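Written below as structure tokens is the structure these notes are about.
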Amino acid sequence: MSFATEFYDIGKEAFENKDSSSFAELLTDDYVMITPMGTRTRQEILDWIDAGKAPVMSNLQIIYENEDIVVCYHDADTIDPEGNAVSFTVMCCGKKRGSKIHEWRVARAGDKT
């Protein structure tokens with residue numbers, strides 16, 4: 001199994017269970033997630049997961065992976081702040097440091113519907 005697949009699977013399980021403990025082990029202490037909506041620290045991401053606000057992910061497609069980076073995309077389903085169901089595709093690029101991710105960039109590709 002590739003690191004990208006493991007990262008996705010553990011993240012998906014953490015999101016579904018609202019439990020970030022296993023996912024936290026894959027992140028460096030200085031991890032950041034950079035999205036079109038802003039930058040979140042490691043602790044902010046872990047709190048977001050534990051609060052059950054993370055999207056439901058599906059359809060992982062790995063574009064490229066080596067010892068330094070991961071490039072992939074996947075579908076995501078969530079509820080927006082107004083309570084509407086939203087489905088979209090995101091492209092992600094993760095920078096690895098050893099066996100952990102230290103930066104995760106997300107570009108939202110647009111609604112699937």
Side-chain angles (χ1 to χ4, degrees):
M1 176 184 304
S2 75
F3 178 83
T5 303
E6 179 182 12
F7 186 75
Y8 173 84
D9 288 345
I10 291 172
K12 184 175 177 178
E13 183 177 323
F15 294 176
E16 291 170 357
N17 296 328
K18 301 176 187 173
D19 179 2
S20 65
S21 57
S22 59
F23 191 66
E25 296 175 17
L26 300 175
L27 309 178
T28 62
D29 290 341
D30 62 343
Y31 169 88
V32 292
M33 175 186 250
I34 303 165
T35 74
M37 296 170 286
T39 299
R40 293 182 182 175
T41 65
R42 180 183 193 273
Q43 191 57 55
E44 289 170 329
I45 290 299
L46 300 178
D47 292 346
W48 179 64
I49 292 169
D50 292 338
K53 296 183 179 181
V56 175
M57 300 184 307
S58 61
N59 193 30
L60 173 69
Q61 300 294 317
I62 299 168
I63 298 169
Y64 181 77
E65 178 178 6
N66 67 18
E67 64 277 352
D68 298 319
I69 65 167
V70 171
V71 180
C72 63
Y73 68 89
H74 63 80
D75 294 333
D77 298 299
T78 193
I79 304 296
D80 70 15
E82 291 80 37
N84 302 307
V86 181
S87 297
F88 52 93
T89 300
V90 296
M91 183 168 210
C92 309
C93 179
K95 294 181 181 178
K96 299 192 292 188
R97 187 181 300 138
S99 61
K100 296 185 178 192
I101 294 286
H102 73 92
E103 182 180 296
W104 195 253
R105 290 186 178 260
V106 177
R108 183 173 164 168
D111 293 344
K112 294 188 307 184
T113 56

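Keep in mind it's a predicted model, so treat the numbers as computed, not measured.
- Taking CG of Leu46 as the reference point, atom CZ of Arg40 lies at 11.5 Å (rounded to 0.5 Å).
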#### Entry: side-chain contact (heavy atoms from CB on, under 4.5 Å) between Ile45 and Phe23, intermediate numbers included
CA-CA 10 Å; Ile45 290 299; Phe23 191 66; 4.3 Å; yes
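- Listed by chain and number, the hydrophobic cluster partners of Ile79 come to none, as no ILVMFWY side chain reaches under 4.5 Å of it.
- Within the model, atoms OH of Tyr73 and OG1 of Thr89 stand 8.0 Å from one another, a figure rounded to the nearest 0.5 Å.
- We find the CD1-OG1 distance between Ile62 and Thr5 to be 3.0 Å, quoted to the nearest 0.5 Å.
- Annotation for Val32: hydrophobic cluster partners, listed by chain and number, are Ile34 (ILVMFWY side-chain heavy atoms under 4.5 Å, direct or chained).
- Applying the side chain to side chain donor-acceptor pair (under 3.5 Å) test to pairs two or more places apart or on separate chains, those with a residue in residues 20-35 are Asp19-Ser21, Ser20-Asp50, Thr28-Asp30, Asp30-Arg97.
- Smallest separation of non-hydrogen atoms from Phe88 and Thr78: CE2-CG2, 3.7 Å.
- In this structure Phe15 satisfies the ring pair (Phe, Tyr, Trp, His ring centres under 6.0 Å) test together with Trp48, sequence neighbours excluded.
- Under the salt bridge (charged side-chain N to carboxylate O under 4.0 Å, His left out) criterion, Lys95 pairs with Glu103, not counting sequence neighbours.
- In this structure, OG in Ser58 is found 9.0 Å from NE2 in His74, a value given to the nearest 0.5 Å.
- Going from atom NZ of Lys100 over to atom CG of Leu27 covers 8.0 Å, rounded to the nearest 0.5 Å.
- Residues Ala76 and Pro55 come closest through the heavy atom pair CB-CB, 3.9 Å.
- Remark: Ile49 CD1 to Glu16 CD distance equals 12.0 Å, nearest 0.5 Å.
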List, one per line, each side-chain donor-acceptor pair under 3.5 Å for residues 63-72, sequence neighbours excluded.
residue, atom, partner, partner atom, Å
Tyr64, OH, Asn66, ND2, 3.1
Glu65, OE1, Ser2, OG, 3.2
Glu65, OE1, Ala4, N, 3.4
Glu65, OE2, Phe3, N, 3.2
Glu65, OE2, Ala4, N, 3.2
Glu65, OE2, Lys96, NZ, 3.4
Asn66, OD1, Asp68, N, 2.7
Asn66, OD1, Ile69, N, 3.0

